[in-house]
Amino acid sequence: TDYDIEGEVIGWNVVRFLCNQKDANRMKFSTLTKPDLLESYEHKSKTIDWGQAKAGETRHFLDWMYGINISRALTLAIRKAKVYETLSSGRVQGPTLKILTDREKEISVFEPKKYWQLQLINSVEAWHENDKFWEESEADKILEKTKGKDGIVKTIEKSEKKQPPPYPFDLTTLQTEAYRCFGMNPKNTLSLAQELYSNGYISYPRTSSQQLSPKLGFQKILTQLQKQTKYKDLATKLLSKKTLTPNNGGKTDPAHPAIYPTGILPEKITQYSAKIYDLITKRFLATFGEWASRETNQIKINVEKEIFIAKGTRTTVEGWHIYYT
C-alpha cells in the first residue's frame with residue numbers, strides 16, 4: 001500500500017483483521033523493477049508507521065461521525081417536504097459543493113457586455129517567412145518602406161528571457177502536458193501511466209512530488225536509457241556531465257518521488273502508451289539540461305493613434321529544449 005496516511009491505515013487493517021497480527025514489517029518502493037523490490041525488502045522497516053496509521057484511523061472516525069450525522073439530518077429535512085431522496089454530505093463533499101454553488105451563482109448573474117477588437121490586415125509575407133519572424137535587421141528594412149505613410153509609425157522592441165529546465169512530473173503536470181501535447185484527457189493519461197508502472201517501465205504515477213532524489217541512481221537510469229536507440233544520444237550527452245542535478249520543484253510527497261522512467265525497454269505497448277512513456281522520459285532528461293534563452297521581437301504599429309502589436313518569439317540558446325522536443 002502507499003506510504004501515506006490512507007495507505008498505512010489500509011495496511012494496518014489488513015494486518016490486524018485478516019492476518020490477526022499486531023504489527024508487520026514495512027517495505028517502501030516506487031517502481032516494480034526487480035532490483036528496487038529486492039532493495040526495498042532488504043531495507044524494510046521493522047514496524048508499520050504507527051503515526052500515519054493512527055492518523056488515518058482518526059480521520060476515518062471523523063469522516064464517519066461528521067458524514068453520517070450531516071447526511072441523516074439532510075435526508076430527514078427534505079422528507080418533511082415530502083421528497084423521499086437520500087442526501088449525503090461530508091467533511092470534503094460539503095465544502096466542495098458550497099464552492100461550486102457560489103461559483104454557479106456568480107456565473108448566473110454575470111451580464112455580458114459587447115466590445116470590439118480592431119485588427120490590422122497586412123501582407124503576411126511582409127512580417128514572417130516559413131513561420132519564423134524576420135531578423136531585426138530584415139524587419140527594419142521592411143519598416144523603412146512604409147514609414148511615414150498615412151501617419152503610420154512602426155517601432156520594434158526586443159527582449160530576451162532565460163528559461164530554467166522544467167520540473168520533474170507529478171501526476172497533475174503529466175496530465176496537463178499530455179492534454180497540451182496529445183489532447184488526452186486526465187483519466188486516460190492516468191490509466192496509461194498506471195499500465196506503464198505495472199509493467200515496470202516508470203515509477204508510481206499517483207504522486208504529487210516534483211522532486212527526484214539522488215538515491216534513485218540517475219547515472220544507472222541514464223545508462224539504461226542509453227541502450228534505447230531513441231534516447232541514446234541524449235542520455236550520452238547527460239552522462240558526460242560532471243554532476244547530475246535535476247531542477248526539482250517545490251512540491252513533495254511523503255510516499256513517492258516525482259515520475260521517472262526506470263530505464264527498462266518497453267515491449268509491446270500501445271501507440272498511446274508509447275506517447276506517455278516518451279513524454280515522461282524526455283521530461284526526466286530535460287530536468288538535467290542547461291538553461292535556455294528565448295528572444296521576443298515586438299512590433300508596435302501606430303495608426304491614427306491606435307496601437308497595434310505583432311509579436312514573435314524564437315529560441316536563441318536551446319539548452320534543455322534539445323531533450324524535450
Side-chain angles (χ1 to χ4, degrees), residues 1-15 18-19 21-53 56 167-171 174 190 192-228 231-232 234-236 238-239 241-249 251-267 269 273 276-277 280-285 287-288:
T1 57
D2 283 355
Y3 184 59
D4 58 15
I5 290 177
E6 286 300 317
E8 206 69 16
V9 76
I10 290 171
W12 182 31
N13 285 337
V14 170
V15 167
L18 295 182
C19 303
Q21 300 293 318
K22 294 182 178 180
D23 203 349
N25 296 159
R26 189 24 156 146
M27 290 171 60
K28 305 174 191 175
F29 52 87
S30 291
T31 73
L32 296 180
T33 61
K34 184 176 180 180
D36 285 353
L37 291 176
L38 287 174
E39 183 180 358
S40 174
Y41 181 79
E42 291 170 358
H43 296 88
K44 60 184 179 294
S45 302
K46 293 182 179 180
T47 68
I48 64 175
D49 189 322
W50 285 105
Q52 291 200 129
Y167 297 145
F169 275 141
D170 61 349
L171 176 58
L174 170 62
L190 176 57
L192 294 169
Q194 180 67 35
E195 179 185 331
L196 291 170
Y197 164 70
S198 298
N199 289 321
Y201 302 142
I202 67 169
S203 63
Y204 189 72
R206 290 182 175 87
T207 175
S208 58
S209 176
Q210 296 175 320
Q211 298 188 3
L212 296 171
S213 169
K215 294 180 181 179
L216 299 174
F218 302 141
Q219 191 166 11
K220 180 184 69 174
I221 297 172
L222 290 171
T223 301
Q224 286 292 103
L225 291 173
Q226 203 176 23
K227 299 176 183 178
Q228 300 186 37
Y231 310 112
K232 180 179 179 180
L234 297 176
T236 301
L238 287 177
L239 285 169
K241 299 179 68 171
K242 292 182 179 179
T243 58
L244 290 169
T245 305
N247 184 35
N248 286 331
K251 295 170 63 178
T252 60
D253 186 322
H256 300 284
I259 305 170
Y260 64 93
T262 62
I264 296 176
L265 176 64
E267 297 179 357
I269 61 175
S273 293
I276 296 299
Y277 177 79
I280 291 170
T281 301
K282 287 184 174 178
R283 180 70 164 228
F284 171 75
L285 296 172
T287 61
F288 297 97

Listed pairs under 3.5 Å, donor-acceptor, residues 26-39 side chains, sequence neighbours left out:
| from | atom 1 | to | atom 2 | distance (Å) |
| --- | --- | --- | --- | --- |
| Arg26 | NE | Glu8 | OE1 | 3.1 |
| Arg26 | NE | Glu8 | OE2 | 3.4 |
| Arg26 | NH1 | Thr1 | O | 3.2 |
| Arg26 | NH2 | Thr1 | O | 3.3 |
| Arg26 | NH2 | Asp2 | O | 2.9 |
| Arg26 | NH2 | Glu8 | OE1 | 2.8 |
| Ser30 | OG | His256 | ND1 | 2.9 |
| Thr31 | OG1 | Thr33 | OG1 | 3.2 |
| Thr31 | OG1 | Asp36 | OD2 | 2.4 |
| Thr33 | OG1 | Asp36 | OD2 | 3.4 |

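At least one side-chain heavy atom of Ile276 sits under 4.5 Å from a side-chain heavy atom of Leu196. In this structure the side chain of Ile221 never reaches within 4.5 angstrom of the side chain of Gln224, judged on heavy atoms. With contacts defined as side-chain heavy-atom distances shorter than 4.5 Å, the pair Ile280/Tyr260 does not qualify. Within the 4.5 Å cutoff, the side chain of Thr281 has no heavy atoms near those of the Ile202 side chain. The shortest distance between side-chain heavy atoms of Phe218 and Pro246 falls below 4.5 Å. You'll find the side chain of Leu239 reaches within 4.5 Å of the side chain of Gln219, heavy atoms only. Side-chain contact between Asn248 and Pro168 is present, with heavy atoms from C-beta onward closer than 4.5 Å. Leu222 has its side chain within reach of Phe284: a pair of non-hydrogen atoms, C-beta onward, lies under 4.5 Å apart.
The 12-atom threshold is exceeded at CD of Gln194, counting heavy atoms of other residues, nucleotides or ligands nearer than 6.0 Å.
Asp49 pairs by the side chain to side chain donor-acceptor pair (under 3.5 Å) definition with Tyr3, not counting sequence neighbours. When the side-chain contact (heavy atoms from CB on, under 4.5 Å) test is applied to Thr47, the partners found at least two apart in sequence or on another chain are Asp23, Trp50.
Between Gly200 and Ile264 the shortest heavy-atom distance is O-CD1, 3.5 Å.
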